Every structure is written in structure tokens, then in C-alpha cells.
K.L.:
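Before I ask anything, let me first share the structure, which is written out below as C-alpha cells.
Since we're looking at a predicted model, the values are computed, not measured.
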Amino acid sequence: MRVVSWNIHWGCGKDGRIRIHAIIDVLRKLNPDVICLQEVASNHAELEGNANANQFRQLAGAFGGYQPVIEPTSEIYQNNMPRQFGNMLLSKFRINQVHRYLLPWPPDPGSPAGMPRGLIEAVIDAPSGRVRVLTTHLEYYSPVQRMAQVRHIKYLHWEACERARIFQPDPTMDPPYQLGYRPGSAIYCGDFNFAPDSPDYQELIAPDDSIALPLVDAWRLRHPDIARAPTAGLHGFKWPERADCFDYFFVTDDLAQRVTEVEVQSETAASDHQPIVLDIA
């Protein structure tokens, strides 16, 4: 199974023009089974390049053989028209459950207001077995909010592992309760907005005896002795000041031996982030 995660910067390239077709072309060349996107926009004419189109609809249409899941974490109405901004997941394999989580957004007087953040979870029937694939885009400006979001993700992961451990089907319950088995095994990806040496990173992967399936950094599994490839700051974008890594794959340790490759596609300048690719047997 191949998973691609990409903060697409609403399709705005280094020249300030929106070319959503360039995003689509790169994704088609990568040929993923699951696509996880952040910074997808709809009806945001005020964004750089004028993101007035419904990109959720454009992307779903471009990948007609995939099942789409959208999560506009920000939805602002102007003249009865929703301006949406958030995450999207598309899967070539059957999705049998979807869960959407609003992440903590605690007030932080020391930082700008920011915006709501969320997490998509899709339970996917992959060829090698059922797995949860989750994608997110964490707070950039506020370390306080970002740490709260990391801790909540860790709690949600603990919760999923415990539910998997005690799961017992009950055919006597009404249909809305018949969710079926939801595994602890998971792939987390997205734009986490933290560096590899940050407290947030360490918090997410810190050992916790209460979690049956701890999270492991997939890059470190495949490239333990190689400097991490930057996922932002290439191609002359004005942000960030220097090339660094903000985008990651984390997998549960039961999947660690099945990770065959993790790489950053550094060639494209279609976004201010680079797509990252996970191959798992």
C-alpha cells in the first residue's frame, strides 16, 4: 500500500498562482492508494492566487476511482456562501468507517488567534488487513495549542487501541451501533508543524505503558543514519526561513517491519510543502 501526504497550500505555487491541476498531476505520477491532503480550500477568493473554486470537489472529481472524505476544519459564511479550509483523504481501497475529530484550541494570549484544527480517521480495508489511516494539520503559531493537539491525538490513539482490545460485536444493537471492528494498527500523517527535535515531536512518540501499540517515526525506521529530508523551504518560497521538516508519517509498532520506504518528493514546486510517500507491505 502506498500512502501520500501533502500540504498542498491550496494549490498555490512559488509564482503565487493557483494550479490545482499541477497538484493532481504530481499525485497521479506518485500513484498512491491513499491520498492525505492538508490546506484544501473552497470559496476563499481572498487567499493568495484566489482560491475561489471548490477544491474538495475538484480533487474528488480528478480521482473518481477513490472514495473521498473531507474535513473542512474552518467554515466561515459570507453572503450565505461557506468558505471552507481543511483536510481531505481519498482511498482507492474500501473505507468502512470514518471518524472526524476537532482538536483542542485553547486560548493562548501570547499567539495570534489561529484557526480550528482537526483529524480525519478512515478505517480502510487494505489488502494486508484493516488499518486506520489518519491525517491532520496542527497549529503553527501557538506552541501551547500545538502541544494540546499532540496530547489529544495521543489520547485518541490510546482510546482506539483500548476499543480494539475489548471489541465484541453485538448483532442485537441498532444499526448505528454496528460499526464493526476498528483496529489499533494505524498510520498517522500530515503537517504537524513541529521540527524533529521539538518537545511536540518527543511527546508524540514518548513511551507510554498504557498504549498497546506505540507510535514510531517511519522515517527513522528506514533511514536511521540519514539526515531527515526537508519537507518545506525548498524552491525559493518565502516561508520558512530555512529548509526544515514539518511533515511526517508515524506508524504503530506492529506495522514497523512492513514499512518498505519513506521518501520526500523534493522536485515539485506546486506547493510550499513537498509530498511525502510511505510504502508499506
Side-chain angles (χ1 to χ4, degrees), residues 5-10 12 16 36-51 55 70-88 99-121 134-160 188-208 210-211 215 217 228 230-233 237-248 250 271-273:
S5 177
W6 196 4
N7 179 330
I8 65 169
H9 193 50
W10 58 92
C12 189
C36 297
L37 304 176
Q38 306 87 44
E39 291 200 15
V40 183
S42 174
N43 300 322
H44 269 284
E46 75 288 352
L47 283 174
E48 181 183 9
N50 187 349
Q55 295 177 356
I70 71 169
E71 185 198 34
T73 53
S74 170
E75 187 163 334
I76 306 166
Y77 281 77
Q78 186 174 44
N79 299 324
N80 294 323
M81 178 70 72
R83 294 184 295 163
Q84 299 175 322
F85 192 80
N87 307 317
M88 185 174 189
H99 303 275
R100 297 176 179 86
Y101 306 99
L102 186 63
L103 296 178
W105 190 22
D108 181 7
S111 294
M115 62 179 172
R117 305 286 178 164
L119 175 72
I120 294 176
E121 173 184 324
L134 303 96
T135 190
T136 191
H137 181 198
L138 301 188
E139 171 60 31
Y140 174 71
Y141 292 104
S142 169
V144 171
Q145 294 172 0
R146 188 169 57 251
M147 181 62 84
Q149 291 160 7
V150 167
R151 287 173 175 160
H152 193 64
I153 288 172
K154 201 165 183 178
Y155 165 78
L156 291 171
H157 180 57
W158 167 84
E159 182 182 85
Y188 288 78
C189 67
D191 177 3
F192 289 81
N193 270 322
F194 53 56
D197 57 352
S198 69
D200 319 76
Y201 172 91
Q202 297 299 331
E203 176 71 19
L204 188 60
I205 62 171
D208 186 333
S210 70
I211 297 177
L215 295 175
D217 182 346
R228 189 182 295 272
T231 65
F237 280 93
K238 55 189 176 184
W239 173 92
E241 294 181 358
R242 62 181 179 86
D244 210 336
C245 178
F246 297 103
D247 306 81
Y248 302 83
F250 298 98
S271 166
D272 62 353
H273 286 248

K.L.:
Among all residues two or more places apart in sequence or in another chain, which pass the salt bridge (Lys or Arg N to Asp or Glu O under 4.0 Å) test with Glu39?
P.N.:
none

K.L.:
What residues, two or more places apart in sequence or in another chain, satisfy ring-ring contact (aromatic ring centres under 6.0 Å, His included) together with His157?
P.N.:
Tyr188

K.L.:
So, for Asn87 and Gly118, which heavy atoms are closest and what is the spacing to 0.1 Å?
P.N.:
ND2-O, 3.4 Å

K.L.:
Give a yes or no on whether the backbone of Asp208 and the side-chain of Lys154 come within a donor-acceptor separation of less than 3.5 Å.
P.N.:
no

K.L.:
Measuring from atom OG1 of Thr135 to atom CD of Glu71, what distance do you get when rounded to the nearest 0.5 angstrom?
P.N.:
9.0 Å

K.L.:
Mark yes when over 12 heavy atoms from residues, nucleotides or ligands other than Glu241 sit less than 6.0 Å from its CD; otherwise mark no.
P.N.:
no

K.L.:
Has the side chain of Gln38 got a donor or acceptor atom that lies under 3.5 Å from a matching backbone atom of Asn7?
P.N.:
yes

K.L.:
Restricting to salt bridge (Lys or Arg N to Asp or Glu O under 4.0 Å), what partner residues turn up for Glu203, sequence neighbours left out?
P.N.:
Arg151

K.L.:
Mind checking what makes side chain to side chain donor-acceptor pair (under 3.5 Å) contact with Tyr141, not counting sequence neighbours?
P.N.:
none

K.L.:
Nearest 0.5 Å, please: how far is SG in Cys245 from CZ in Phe192?
P.N.:
10.5 Å

K.L.:
Please give me the minimum heavy-atom distance between Leu102 and Pro116, naming the atom from each residue.
P.N.:
CD1-CB, 4.2 Å

K.L.:
Donor-acceptor pair, Trp239 side chain versus Ala232 backbone, under 3.5 Å?
P.N.:
no

K.L.:
Using modelled atom types only, decide if a donor and an acceptor are shared between the side chain of Arg117 and the backbone of Pro104 within a distance under 3.5 Å.
P.N.:
no

K.L.:
Run the side chain to side chain contact (heavy atoms under 4.5 Å, CB included) test on Leu119 and Gln149 for me, step by step, so that the C-alpha distance in whole Å, both residues' side-chain angles and the decisive distance to 0.1 Å come before the verdict.
P.N.:
CA-CA 10 Å; Leu119 175 72; Gln149 291 160 7; over 6 Å; no

K.L.:
What pairs with His137 under ring-ring contact (aromatic ring centres under 6.0 Å, His included), at least two apart in sequence or on another chain?
P.N.:
none

K.L.:
With side chains defined as the heavy atoms from C-beta onward, is the minimum distance between Arg228 and Asp217 less than 4.5 Å?
P.N.:
yes

K.L.:
Run the side chain to side chain contact (heavy atoms under 4.5 Å, CB included) test against Asp244 and tell me which residues pass, sequence neighbours left out.
P.N.:
Ala195, Pro196, Arg242, Phe246

K.L.:
Does Tyr101 have any side chain to side chain donor-acceptor pair (under 3.5 Å) partners at least two apart in sequence or in another chain, and if so, which?
P.N.:
Glu121, Arg182

K.L.:
Are Glu139 and Leu103 side-chain neighbours, meaning at least one heavy-atom pair lies under 4.5 Å?
P.N.:
no

K.L.:
Please name all residues satisfying salt bridge (Lys or Arg N to Asp or Glu O under 4.0 Å) with Asp108, sequence neighbours left out, ordered by chain then number.
P.N.:
none

K.L.:
With a 4.5 Å limit on heavy-atom distance, are the side chains of Ile153 and Leu134 in contact?
P.N.:
no

K.L.:
Can you list the residues that meet the side chain to side chain contact (heavy atoms under 4.5 Å, CB included) rule with Ile70, with sequence neighbours excluded?
P.N.:
Phe56, Pro72, Met88

K.L.:
Rounded at 0.5 Å granularity, tell me how far CG in Asp191 sits from CD1 in Ile8.
P.N.:
12.0 Å

K.L.:
How close do Trp105 and Ala113 get, heavy atom to heavy atom, and via which atoms?
P.N.:
NE1-O, 3.2 Å

K.L.:
Indicate yes or no for a side-chain donor-acceptor contact from Trp6 to the backbone of His273 under 3.5 Å, with no hydrogens or angles considered.
P.N.:
yes

K.L.:
Go through the structure and list residues passing ring-ring contact (aromatic ring centres under 6.0 Å, His included) with Phe237, not counting sequence neighbours.
P.N.:
none

K.L.:
Looking at side-chain heavy atoms only, is the closest gap between Ser74 and Arg83 below 4.5 Å?
P.N.:
no

K.L.:
For Gln145 and Pro106, indicate whether the former's side chain and the latter's backbone hold a donor-acceptor pair under 3.5 Å.
P.N.:
yes

K.L.:
The criterion is salt bridge (Lys or Arg N to Asp or Glu O under 4.0 Å); which residues satisfy it with Asp272, sequence neighbours excluded?
P.N.:
none

K.L.:
How long is the span from the CD1 atom in Ile76 to the CE atom in Met81, to the nearest 0.5 Å?
P.N.:
14.5 Å

K.L.:
Could you tell me how the ring of Tyr248 sits relative to the ring of Phe250: parallel (under 30°), tilted (30 to 60°) or perpendicular (over 60°)?
P.N.:
parallel

K.L.:
Can you find a pair of side-chain heavy atoms, one from Glu48 and one from His9, that are under 4.5 Å apart?
P.N.:
yes

K.L.:
Is any side-chain heavy atom of Asp247 less than 4.5 Å from a side-chain heavy atom of Ser5?
P.N.:
no

K.L.:
Identify, with sequence neighbours excluded, every residue that meets side chain to side chain contact (heavy atoms under 4.5 Å, CB included) alongside Ala51.
P.N.:
Trp10, Ile18, Ala41, His44, Leu47, Gln55

K.L.:
Can you name the closest pair of heavy atoms from Asn193 and Leu138 and give their distance?
P.N.:
ND2-O, 2.7 Å

